[in-house]
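What you see is a predicted model, and the numbers here were worked out from it, not measured in a lab.
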Amino acid sequence: MKNFNDTADSIAEDAVRYARKNGIELDYSRESAQNVDAFLGVCHDSLDKYDGDEGAEILWNIAVLFGTYIGEMLLRSGLAEKGFVWVEDDGVPILSIPDNQTAVSPITKAHKRILNGVEDSIKSFVDVVFSAINGEWPKTGVLRVPDVETASGKKNGRIVFKESDYYISLVAEGKEDFVIFNSHDGFFQFYGVGNQFVCEVWFNLGGCRAYALINPDCTNTERVNLVTPFGQYTPKELEIISLEQLKTAVHEYFSNLEESDFLAKVPHEKLEM
């Protein structure tokens, strides 16, 4: 996609103008990712209005528009200085350093945000990209001592494992939409209610990798409805795990500093970036 570097800027500006017409300001700041998140969230909440091939095409075009904006924001915020440019990956523009395996796909992420909901948060995606590229996470000791963040904006620094049950209960009892444990090498996030949860884990040392935790007793990869007090989500059925499985996974996340050690103990599947 040799010409996308020449056209991406104008596509991003189209996103800025389109957002402004809908009362949303985009200024190419890192914080503007939250506004993109909110706009794509509205699209997700209106999926039933986009039927058939025509609807799918409209949603993809929206993803291209706002994914390109996110990509241009990332480039202006430091990725260009590190050598990132737009390249083609299986027909989709992504950001990558030529002859380097490091790559991020803001357009694909925007599309997943529309289809899957908050589990594919644009804000989290942007935070991960900056953290991975700039090496912002310091190393800790033998066990993880993460910071915690809730959907409502509550934050607490450096919690220990025995405190994790409290944050799990906030989601299980419908008091919070989701919780994120931010660690030195990535983050662990989950949402759900009662005895049904969806959990995603990111690792970012030496490149970005993401995994969905799965129910080993389920093989259905079709998307199903998961209703919580905060909305309706559409995860794959095998990605819905029980409260007991969630607590086990959290324990392993706190107890295993190495990515490979953690993955060896929890059922998972790798997510495309």
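If you run side chain to side chain donor-acceptor pair (under 3.5 Å) between Glu237 and each of Asn215, Asn220, Thr219, only Asn220 comes through. Looking at Tyr211, Phe187, Phe188, Phe190 one by one, the single match for ring-ring contact (aromatic ring centres under 6.0 Å, His included) with Tyr253 turns out to be Phe188.
Remark: the backbone N or O of Leu213 is not paired with any side-chain donor or acceptor of His268 at under 3.5 angstrom. Asn5 contributes a side-chain N or O that, together with a main-chain N or O of Trp86, makes up a donor-acceptor pair within less than 3.5 Å. Listed for the Ser121 side chain is a donor-acceptor partner under 3.5 Å among the backbone atoms of Ser124. Checked by atom type and distance alone, the side chain of Asn35 pairs as donor or acceptor with a backbone atom of Glu25 at under 3.5 Å. Panel note: side chain Glu176, backbone Ser152; a donor-acceptor pair is recorded below 3.5 Å.
Rounding to the nearest 0.5 Å gives a distance of 9.5 Å between CG of Leu263 and CG of Asn256. The NZ atom of Lys112 sits 9.0 Å away from atom OG of Ser105, with the distance rounded to the nearest 0.5 Å. Taking CD from Glu13 and CD from Glu72, the interatomic distance works out to 9.5 Å, rounded to the nearest 0.5 Å. Rounding to the nearest 0.5 Å gives a distance of 12.0 Å between CZ of Phe39 and CZ of Arg113. In this structure, CZ in Phe4 is found 10.5 Å from CG in Asp6, a value given to the nearest 0.5 Å. Here CD1 of Ile159 is found 11.5 Å from NZ of Lys162. Values are rounded to the nearest 0.5 Å.
Both Val92 and Ile114 belong to a common hydrophobic cluster when Ile, Leu, Val, Met, Phe, Trp and Tyr are linked at side-chain heavy-atom distances under 4.5 angstrom. Val42 and Phe125 fall into different hydrophobic clusters, where Ile, Leu, Val, Met, Phe, Trp and Tyr residues are linked whenever their side-chain heavy atoms come under 4.5 Å apart, directly or through other members. Val193 and Tyr166 end up in different hydrophobic clusters when Ile, Leu, Val, Met, Phe, Trp and Tyr side chains are linked at under 4.5 Å. No single ILVMFWY cluster, assembled from side-chain heavy atoms under 4.5 Å apart, contains both Leu238 and Val224. With hydrophobic clusters built from ILVMFWY side chains whose heavy atoms lie under 4.5 angstrom apart, Ile62 shares a cluster with Ile70.
Residues Ile107 and Ile94 are not in side-chain contact: their nearest non-hydrogen atoms beyond the backbone lie 4.5 Å or more apart. Side-chain contact between Tyr167 and Val250 is absent, with no heavy atoms from C-beta onward closer than 4.5 Å. Using a 4.5 Å heavy-atom threshold, the side chains of Leu26 and Met73 count as separate. Using a 4.5 Å heavy-atom cutoff, the side chains of Trp202 and Ile180 are not in contact. Annotation: side chain of Leu243 is in contact with side chain of Phe197 (closest heavy-atom distance under 4.5 Å). Between Ile168 and Val179 the shortest side-chain heavy-atom distance does not fall below 4.5 Å. Between Ile241 and Val198, every side-chain heavy-atom pair lies at or beyond the 4.5 Å cut-off. For the pair Ile122 and Phe66, the minimum side-chain heavy-atom distance is 4.5 Å or more.
For Ser242 against Gln245, the heavy-atom pair with the smallest separation is N-OE1, 2.8 Å. A pairwise comparison of heavy atoms in Cys43 and Tyr50 identifies O-CE1, 4.5 Å as the closest pair. In terms of heavy atoms, Ala249 sits closest to Val266 at CA-CG1, 4.0 Å. For the pair Leu47 and Leu115, the tightest heavy-atom approach, listed with the atom from each and the gap, is CD1-O, 3.7 Å. Of all non-hydrogen atoms in Val104 and Pro106, the two that sit nearest each other are O-CD, 3.4 Å. Between Leu226 and Pro235, the shortest heavy-atom contact is CB-CD, 4.0 Å.
Other residues, nucleotides and ligands contribute over 12 non-hydrogen atoms within 6.0 Å of the CD atom of Gln232. Annotation: Phe230, atom CZ; neighbour count of heavy atoms from other residues, nucleotides and ligands within 6.0 Å is above 12. By the 6.0 Å contact criterion, CG on Asp53 is open, its count of non-hydrogen atoms from other residues, nucleotides or ligands being 12 or less.
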TODO: Output, in order, the C-alpha distance, side-chain angles, deciding distance and verdict of salt bridge (Lys or Arg N to Asp or Glu O under 4.0 Å) for Asp127 and Lys123.
DONE: CA-CA 6 Å; Asp127 288 344; Lys123 179 184 180 299; 2.9 Å; yes
Task: Phe84/Leu74 under side chain to side chain contact (heavy atoms under 4.5 Å, CB included): CA gap, chis, key distance, verdict - done: CA-CA 9 Å; Phe84 281 82; Leu74 291 171; over 6 Å; no
Open item on the list: Glu163 vs Val148, test: side chain to side chain contact (heavy atoms under 4.5 Å, CB included). Steps then yes/no.
Closed with: CA-CA 10 Å; Glu163 298 175 289; Val148 65; over 6 Å; no
- [ ] Evaluate the criterion side chain to side chain contact (heavy atoms under 4.5 Å, CB included) for residue pair Arg223 and Asn116; output intermediate values, then yes/no.
- [x] CA-CA 9 Å; Arg223 294 196 174 275; Asn116 300 340; 3.2 Å; yes
Open item on the list: What verdict does the side chain to side chain contact (heavy atoms under 4.5 Å, CB included) test give for Val118 and His44, after you've listed the backbone C-alpha separation in whole Å, the side-chain angles of each residue and the deciding distance to 0.1 Å?
Closed with: CA-CA 9 Å; Val118 71; His44 173 74; over 6 Å; no
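The aromatic rings of Tyr69 and Tyr28 lie tilted to each other, with the angle between the two planes from 30° to 60°.
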